[in-house]
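Right, one structure below, let's go through it.
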Amino acid sequence: MRAGLPGPDAPLRLGVIGNGNRGVIAERAARADGNAAVVAVADPLQRARDRARKAYGPGAHVGQSVAEVIDAGVDAAFVTSLDHQHAEQAIELMRAGVAVFVDKPMATTLADADRMLATAHETGSRLYVGHNMRHMPVIRLLHDLVAGGRIGQVKAIWCRYFVGDGGDRFFKDWHAERANVNSLLLQKGAHDIDVIHWIAGGYTRRVSAMGALTLYGDVTSRQDRTGEMVTEWLDRDANWPPLAQQGLHPVIDVEDLSMVTMALDNGVHASYSECHYTPDYWRNYTIIGTEGRIENFGLGEDGVVRLWNRRTEYNAEGDEQFPIPHAEGGHHGADPALLAEFLEFVRTGAPTRTSPVAAREAVATGAVATTSMRTGSGALDVPELDPVLRAYFDSGQTGR
Ligand SMILES: NC(=O)c1ccc[n+]([C@@H]2O[C@H](COP(=O)([O-])OP(=O)(O)OC[C@H]3O[C@@H](n4cnc5c(N)ncnc54)[C@H](O)[C@@H]3O)[C@@H](O)[C@H]2O)c1
């Protein structure tokens with residue numbers, strides 16, 4: 001363990017910035033840990049503050065600003081606000097010496113992501129980005145099959161994301177606006193681009209994309225839902241088919257269909273497609289290597305990863321099958337593992353499966369892909385990270 005860290009058994013005082021739908025992870029982290037407590041919450045919304053008072057009791061300071069959370073003397077804070085707010089808030093916390101958990105996407109622009117890494121380096125405050133998919137059993141299974149050499153050397157990864165709840169989750173509130181998310185290639189794609197990079201063992205250096213608002217722009221029923229949460233309007237039975245949706249966000253200027261192609265620095269090529277109006281809600285990865293391919297069917301314990309490594313025509317079952325393991329908790333068991341990893345990292349600086357550099361590379365790829373998508377779809381270079389920052393994070397945020 002590094003000097004200056006709280007230590008393996010230290011009690012932790014936690015803060016929350018943005019107590020909406022995802023803000024609940026702070027409460028879950030504290031409960032599972034047993035030696036950590038949420039002591040301060042900031043949210044400009046009255047209903048969110050009311051929820052915080054109910055959840056954390058009179059002992060917690062509930063206010064509106066990051067400064068109030070800092071003043072409450074927190075060791076670490078969860079930033080679960082709107083995507084475009086992550087950078088400023090995380091930087092303010094790190095400057096005050098607070099360890100930061102910032103949810104994905106780390107930021108909505110490459111410049112913001114780089115400023116966050118630079119601030120972590122400059123201040124020595126710990127930075128962690130909540131890419132929980134790295135802890136999902138299905139993703140670990142895919143990763144481990146590749147790492148174990150079961151398909152030879154990886155050459156291609158194709159990810160298709162069927163965002164079945166897209167209309168409800170991303171077109172009825174702030175997610176539908178470029179000003180808040182840049183594009184959904186950041187808000188949603190950051191997850192999968194990070195997974196692609198992790199499994200491939202490389203980062204995208206050239207990217208192109210095509211996409212458009214192809215369906216939800218035609219829905220004329222609009223409603224300002226400020227103050228409500230997604231759980232209040234998400235309804236898989238009622239809100240179907242997508243063109244029958246009622247009460248979409250007044251401003252919709254993000255794409256609901258997009259396709260990205262990527263060339264990675266280690267010779268792997270990848271593609272990522274995202275559609276926000278499919279009837280089913282899951283993502284499918286196909287990974288092709290020099291000696292076979294693997295593909296997941298489903299995401300949870302009712303699903304399977306199939307492997308093909310013999311020449312054949314159509315073989316639906318694959319040559320080998322690997323059931324997806326069960327894990328308890330949110331996002332197919334990813335969240336408890338993610339939150340425990342973050343608290344351990346805050347206390348001892350222990351190595352993590354998630355990576356701020358990889359989170360930056362997901363933002364970089366998503367942001368440059370967005371530029372490509374909105375400027376004629378040509379292939380563009382993805383700028384590299386400052387090698388000094390890369391070395392700092394590669395060494396586990398030590399050695400300033
Ligand atoms: N890793 C995951 O699987 C996962 C899942 C869901 C959400 N998220 C991320 O969590 C974040 C929040 O998403 P959500 O679904 O909870 O949205 P939400 O709209 O339910 O909650 C956002 C909250 O932030 C508050 N807020 C607005 N301005 C603020 C400010 N200046 N300071 C503090 N709080 C402010 C809002 O009032 C709201 O309560 C997003 O970045 C999203 O990408 C991650």
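Counting starts at 1 for both ligands and their atoms, following the listed order. These numbers come from a predicted model, not from an experiment.
Atom 28 (N) of ligand 1 has Q85 NE2, 3.0 Å as its closest protein atom, hydrogens excluded (heavy atom only). Nearest protein heavy-atom neighbour of atom 39 (O) of ligand 1: D43 OD2, 2.6 Å. At the shortest separation from atom 13 (O) of ligand 1 among protein heavy atoms lies W174 CZ2, 3.9 Å. The single protein non-hydrogen atom nearest to atom 16 (O) of ligand 1 is R22 N, 2.7 Å, given as residue, atom name and distance. Ranking the protein heavy atoms by distance from atom 9 (C) of ligand 1 puts K104 O, 3.7 Å first. When hydrogens are left out, the protein atom nearest atom 26 (N) of ligand 1 is P44 CD, 3.7 Å; that is the closest non-hydrogen contact. For atom 21 (O) of ligand 1, the nearest protein heavy atom (residue, atom name, distance) is G20 CA, 3.3 Å.
In this structure, R374 and S183 approach most closely via the heavy-atom pair NH2-CB, 3.4 Å. Nearest heavy atom pair, residue A40 against residue A72, reads CB-CB, 3.6 Å.
The backbone N or O of G73 lies less than 3.5 Å from a partner atom in the side chain of R13, making a donor-acceptor pair. Looking at T312, its side chain never comes within 3.5 Å of a backbone N or O of N315 through a donor-acceptor pair.
Using cut-offs of 30° and 60° for the angle between ring planes, the F342 and Y128 rings count as tilted. A tilted orientation is assigned to the rings of F162 and W282, their planes being inclined by 30° to 60°.
Below 4.0 Å from some heavy atom of A42 lie the following atoms of ligand 1, by number and element: 33 (C), 34 (N). Numbered from 1 in the order shown, with element, the atoms of ligand 1 that lie under 4.0 Å from a heavy atom of H86 read 41 (O). Below 4.0 Å from some heavy atom of S81 lie the following atoms of ligand 1, by number and element: 11 (C), 12 (C), 24 (O), 40 (C), 41 (O). Of all the atoms in ligand 1, the ones that sit under 4.0 Å from a non-hydrogen atom of Q89 are 30 (C), 31 (N), 32 (N), 33 (C). The ligand atoms of ligand 1 that sit less than 4.0 angstrom from a heavy atom of I17 are 33 (C). Near L45, the atoms of ligand 1 lying under 4.0 angstrom from a non-hydrogen atom of the residue are 37 (O). Set against the non-hydrogen atoms of N132, the atoms of ligand 1 under 4.0 Å away are 1 (N), 2 (C), 3 (O). Counting the atoms of ligand 1 from 1 in the order shown, those under 4.0 Å from a heavy atom of T80 are 11 (C), 12 (C), 22 (C).
Not a single heavy atom of H131 sits less than 4.0 Å from an atom of ligand 1. Distances from ligand 1 to the non-hydrogen atoms of M133 include no value under 4.0 Å. Contact analysis puts P105 in contact with ligand 1, with a non-hydrogen atom separation below 4.0 angstrom.
For H276 and F170, the ring centers are positioned less than 6.0 Å apart. Remark: aromatic rings of W174 and H249 are distant, center separation not under 6.0 Å.
The shortest distance between side-chain heavy atoms of V346 and L12 falls below 4.5 Å.
At least one cation-pi condition fails for R306 and F322: the charged atom is not both under 6.0 angstrom from the six-membered ring centre and inside a 45 degree cone around its axis.
With D335, D83, D173 as candidates, the residue nearest to atom 40 (C) of ligand 1 on a non-hydrogen basis is D83. Around atom 44 (C) of ligand 1, the closest heavy atom drawn from V102, D103, V129 belongs to D103.
Salt bridge annotation for D112-R115: present, with a cationic side-chain nitrogen under 4.0 angstrom from a carboxylate oxygen. Under the 4.0 Å criterion applied to side-chain N and carboxylate O atoms, R293 and D319 are not assigned as salt-bridge partners.
With a heavy-atom cut-off of 4.0 Å, N21 touches ligand 1 through backbone and side chain alike.
Using a 3.5 Å distance cut-off with no hydrogens or angles, the side chains of N284 and Y161 do not pair a donor with an acceptor.
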